Undergrad: 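A single structure is presented below for examination.
Bear in mind the structure is a predicted one, so any value in this text is a computation, not a measurement. Letters go in sequence order (proteins before strands), and every chain restarts at 1.
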There are 2 protein chains.
Amino acid sequence: MNGETTDTDWLDQNQQRSWRAYLVGTTLLMDRLDRELREQHNLAMPEYEILVRLSEAPDRRMRMALLADSVSHSRSRVTHTVARLEKAGLVRRAACESDGRGVEASITDKGMAALESAAPTHVAGVRQFLVDLAGDEDFAAVGRVFNAVTDKLIDTNPAADIR
Amino acid sequence: MNGETTDTDWLDQNQQRSWRAYLVGTTLLMDRLDRELREQHNLAMPEYEILVRLSEAPDRRMRMALLADSVSHSRSRVTHTVARLEKAGLVRRAACESDGRGVEASITDKGMAALESAAPTHVAGVRQFLVDLAGDEDFAAVGRVFNAVTDKLIDTNPAADIR
DNA sequence: ACCGCATGGTTGAACATTCAATGAAGGGCC
DNA sequence: GGCCCTTCATTGAATGTTCAACCATGCGGT
């Protein structure tokens, strides 16, 4: 018998500090990178990320679902983002031949141009405000940690069907 | 004389991987923690964070501007967030006595109760999906990195007045 | 062939965040 | 005291994201 319903395992002071640093650092960083992209290239970060995936895809085209998975955004969100990009002429959509349900998005020449123009400033920002501040060891640690986070969250699906 | 306008210093493959892991990991993590908080306690993460700061403040009250700085959200955003919390009865607002412009937000008893009920599950999530996956060394590295990011971004103000 | 169910994708409304404009009050300077 | 400039905070509109509902197609079983 136990008076409490399983006592909470709180974070210790260092963990607490690190967690909060991560929270506010991430807020500020995303904010800043997004702002730069927007002001200098008229692109939001989610849009930029979509363009990157498309540019790297074989034949520069990708199924919507795959695109969504690759950036870990909801399908709905990707639909909206791609719709904006399409309206701006940076992306095109076409029905998928092999699968009647499918849609393939592809990046246009104009999209490639926009991406190539935006990439250098974006990378410079990522360096200036993150990578170059970190030291290789620490940055590698960040990589390990968030790879683990990703793996864990991918299979611990909140829409758990079977248990 | 230089043919190009300063060639870009791209990320190497490891940096690239780490950067992307951080991006998608953060997306998934925030998504998940927010969802848990919402479904189980009817609170969004930004609301939860506000409650935390208020609960820790001397006399459980804080000026709006300070609150905004402490979570690194825009003042406008905090105004809206606090308005929601106030409507839910978790926070109260009162004019500041010493400064006619100021407003002090304070957490109500109901707010404290909501926070105390939400905190254990939230912390459990933070552990399960981040802290416990990381290893102390690596997680400390995350802390260092994002402290540096924060420091850098705080004084490299995008609204740079003087240079 | 048909049924039932899962998947791919879109839609529009609800909700949250950003942005620009606004008003009220403090502080320095003459 | 009056002026100018800054800071504090809010407002409402524009924009982006989430959420639930929806339709169409594919796939498996019978």
Undergrad: Whole angstrom is fine here: how far is it from CD in A:Glu47 over to P in D:dT15?
TA: 12 Å
Undergrad: Does A:Arg63 pair with A:Glu104 as a salt bridge, N-O distance under 4.0 Å?
TA: no
Undergrad: Could you verify whether a donor N or O on one side chain and an acceptor N or O on the other, from A:His73 and B:Thr27, lie under 3.5 Å apart?
TA: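 Side chains of A:His73 and B:Thr27: no pair found under 3.5 Å.
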Undergrad: Go through A:Tyr22 and B:Phe139 one step at a time and tell me if the ring-ring contact (aromatic ring centres under 6.0 Å, His included) criterion holds.
TA: CA-CA 10 Å; A:Tyr22 163 66; B:Phe139 194 56; 8.0 Å; no
Undergrad: So do B:Val142 and A:Ser18 actually touch side chain to side chain, heavy atoms under 4.5 Å?
TA: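 Heavy-atom side-chain distance check fails, nothing below 4.5 Å.
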Undergrad: Tell me whether the side-chain N/O atoms of B:Arg75 come closer than 4.0 Å to OP1 or OP2 in D:dT11.
TA: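 No.
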Undergrad: With a 4.0 Å limit, can you tell me whether A:Arg101 has a side-chain N or O closer than that to the phosphate oxygens OP1/OP2 of D:dC23?
TA: no
Undergrad: Would you say the side chain of B:His80 and the base of D:dT11 hold a donor-acceptor pair, judged only by whether the two atoms sit under 3.5 Å apart?
TA: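 Absent.
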Undergrad: Can you tell me the distance, in whole Å, between the CE atom of A:Met30 and the P atom of C:dA16?
TA: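 Atom-to-atom, A:Met30 to C:dA16, this comes out as 22 Å.
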Undergrad: Return the value, rounded to whole Å, for the distance between atom CZ of A:Arg84 and atom C1' of D:dA14.
TA: 12 Å
Undergrad: Regarding D:dT11, can its base be found pairing with the side chain of B:Ser76 as donor and acceptor, where the two atoms are less than 3.5 Å apart?
TA: yes
Undergrad: In terms of side-chain heavy atoms of A:Pro46, which of C:dT18, D:dC19, D:dT17 is nearest?
TA: D:dT17
Undergrad: For the side chain to side chain contact (heavy atoms under 4.5 Å, CB included) test, which of A:Val149, A:Val71, A:Thr150 pairs with B:Val24?
TA: A:Thr150
Undergrad: Tell me the interatomic distance from A:Glu104, atom CD, to C:dG9, atom P, rounded to whole angstroms.
TA: 9 Å
Undergrad: Where the side chain of A:Arg77 is defined as all heavy atoms beyond and including C-beta, which of C:dA16, D:dT18, C:dG9 is the nearest nucleotide?
TA: D:dT18
Undergrad: I need the CG-P distance between B:Leu67 and D:dT10, as an integer number of Å.
TA: 10 Å
Undergrad: Looking at the side chain of B:Arg63, which of D:dT10, D:dC8, C:dT10 is the nearest nucleotide?
TA: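 For B:Arg63, the side-chain atoms sit closest to D:dC8.
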Undergrad: Whole angstrom is fine here: how far is it from CD1 in B:Ile50 over to P in C:dA16?
TA: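 Those two atoms, CD1 and P, are 14 Å apart.
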Undergrad: Examine C:dT18: is either OP1 or OP2 under 4.0 Å from a nitrogen or oxygen in the side chain of A:Arg38? Give yes or no.
TA: no
Undergrad: A:Val103 has a side chain; which of D:dT18, D:dG16, C:dT10 sits nearest to it?
TA: C:dT10
Undergrad: Between P on C:dA24 and CE on B:Met64, what's the gap in Å once rounded to a whole number?
TA: 18 Å
Undergrad: D:dT10, OP1 or OP2 - any side-chain N/O from B:Arg93 closer than 4.0 Å?
TA: yes
Undergrad: B:His73 NE2 to D:dA9 P: how many Å, rounded?
TA: 17 Å
